[in-house]
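First comes the structure, then the notes that go with it.
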There are 2 protein chains.
Amino acid sequence: MPEAQALPDTRERILIEASRLLSINGYHGTTTRDIAAAVGISQPSLFFHFTNKLAIVQELYEHDIVPAVAGLENLVVGPGDPAAKLYAMIVGEFGRIADSPYDMRAHISFEALNHPDLAGFRDLVNQFDDLTRLLIRSGQESGQFVHGNAWLAQQMVSGFLVRANLFASSDQVERQINPREGAALVLRSLLIDPETIEQVEERAEELLPRYRSP
Amino acid sequence: MPEAQALPDTRERILIEASRLLSINGYHGTTTRDIAAAVGISQPSLFFHFTNKLAIVQELYEHDIVPAVAGLENLVVGPGDPAAKLYAMIVGEFGRIADSPYDMRAHISFEALNHPDLAGFRDLVNQFDDLTRLLIRSGQESGQFVHGNAWLAQQMVSGFLVRANLFASSDQVERQINPREGAALVLRSLLIDPETIEQVEERAEELLPRYRSP
DNA sequence: CACTCTATCTATCATTTGATAGGCTAGCGC
DNA sequence: GCGCTAGCCTATCAAATGATAGATAGAGTG
């Protein structure tokens, strides 16, 4: 049972290197030998820390999608208007992925998510989308957002989040993400009156802590 | 040289089934046996029609990214304002992917694009992004678009296109893409005055043929 | 010192996977 | 009818890959 007490350093390094390689080459494109080599241990040593290759991915998803859904759920059920909540979610997501010790840039695009053993995480990803869509719909009904296909709007939000994180780079100034600018960009397309964006921003700032501490 | 004369039906079916499987499981997650089984031929028969597995992907990319870049380039160098051009590009892209005989939903997310032999296509993908960014920048400079990080805005456009196509479904009414609604959604976030969207739409309609016939 | 547990190694295995070799058959030109 | 080719098959291979077995070294404990 490797799941016990104090985590040794190697286990952590495996997760870090694995996440990096998985983001680049995907699940099937990343071999256990690749991961082991990146960590600097022999390939069989991986199986001392994780029961199998899939367990590494499972743990990465655990760190990624679980807090995301928890945070968004917390935001949705709490006080505030839909626009401020959506703004807070986008800022929170950019921050969460940037602060993660793991490279979760391609978290959604993992083909691994088709694996039966990852069905639970696939459901969580869908739940995140459902909650985002719920936020958009309630904003439409309250007259804050323009009407239209909520699914399409949600794909814009989700697609933007995934894509921006995927191609973000700390080496190039232009590709460093300003979470608030990203959120404002998306909100502009949904708000009936884009002039109100500044008030949305103000209200969202108060909601931000709700996304981080579920 | 399979590249010659009249294409037999099998070759076409290989491309269709391969694109479908590749969209779901990615390059490394799709085996030549999977493809052959889907087509209904033996695995070695694939290599009568294609020199190797990568050649199938190469041909799919050829059908996908080459016309996309050609169309966008044609649009960029031609007449019209940036907003109308961007609108036309989004409508054109949704249409192009919907009309393709192949399932190119995940065209960008292929981990295969890291393969050295696909470097040319990787460059084309980058060129498509560069052209999109150019369109956004010129819209900003001409005072049509709000100022801000053009890279971030481009990621929103590209992310939306990829994501919406990826999860589109002809079985669910809500998930059927209305190209013009998608384009309007994105344009709203960029236009300084969203009220002008209708005029943008009108001007874009004239540009549309330019995207399709390069 | 003897025992135990952790973390690693080398050697190896069974499968999977991309690809090749070579044979069979139906259709076409002459 | 003969020869040729396209298109497909079965059998098979070499390499890659996930995983196991078993040995070893070192630290902690009594």
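Values below: all heavy atoms of this structure, side chains included; hydrogens, waters and symmetry mates excluded. Small disclaimer: the values here were computed from a predicted structure and weren't measured. Just so it is clear: chains get the letters A, B, ... in the order the sequence lines come, proteins before strands, and each one is counted from 1.
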Residue-phosphate contact under 4.0 Å: H28(A) side-chain N/O, dT16(C) OP1/OP2:
no
For dT17(D) and T32(A) - does any side-chain N or O of the residue sit under 4.0 Å from the phosphate oxygens OP1/OP2?
no
Using the side-chain heavy atoms of K53(B), tell me which of these nucleotides is nearest: dA19(C), dC9(D), dG18(D).
dA19(C)
Residue R33(B), side-chain atoms from C-beta onward, closest of dT8(C), dG18(D), dT17(C)
dT17(C)
Rounded to the Å, how far apart are I41(A) CD1 and dT10(C) P?
12 Å
Could you tell me how far apart I14(B) (CD1) and dA6(D) (P) are, to the nearest whole angstrom?
16 Å
Atom-pair distance (OH on Y27(A); C1' on dT16(C)), nearest Å
14 Å
For V39(A) and R13(A) the tightest heavy-atom approach is O-NH1, 3.1 Å
Atom-pair distance (CG on L21(B); P on dT17(C)), nearest Å:
13 Å
Taking the six-membered ring for Trp and the single ring otherwise, decide whether the centroids of Y211(A) and Y87(A) are under 6.0 Å apart.
no
Strictly under 6.0 Å, is that where the ring centroids of F160(B) and F94(B) end up?
yes
Quick one: is dC8(D) close enough that its OP1 or OP2 comes under 4.0 Å of any side-chain N or O from S45(B)?
no
Whole angstrom is fine here: how far is it from CZ in F50(B) over to C1' in dT17(C)?
19 Å
Can you check whether G148(B)'s main-chain N or O pairs, donor with acceptor, with Q140(B)'s side chain at less than 3.5 Å?
yes
Among dT6(C), dC8(D), dG18(C), which nucleotide sits nearest the side chain of F48(B)?
dC8(D)
Taking only side-chain N and O atoms of H49(B), does any of them lie within less than 4.0 angstrom of OP1 or OP2 on dC8(D)?
yes
Choose from dA21(D), dA21(C), dC8(D) the nucleotide whose nearest atom is closest to any side-chain atom of P44(A).
dA21(D)
For atom CZ of R11(B) and atom C1' of dA6(D), their distance in whole Å:
14 Å
Rounded to whole angstrom units, what separation is found between the CZ atom of F47(A) and the P atom of dA19(D)?
5 Å
Most 5' of T31(B) and Q43(A) on DNA chain C, judged by nearest nucleotide
Q43(A)
Among dC8(D), dA19(D), dG18(C), which is the nearest nucleotide to the side chain of T10(B)?
dC8(D)
Nearest-Å distance for atom pair CG/P, residues L46(A) and dT17(D)
14 Å
Tell me if a side-chain donor or acceptor on S100(A) pairs with a main-chain N or O of I97(A) at a distance below 3.5 Å.
no
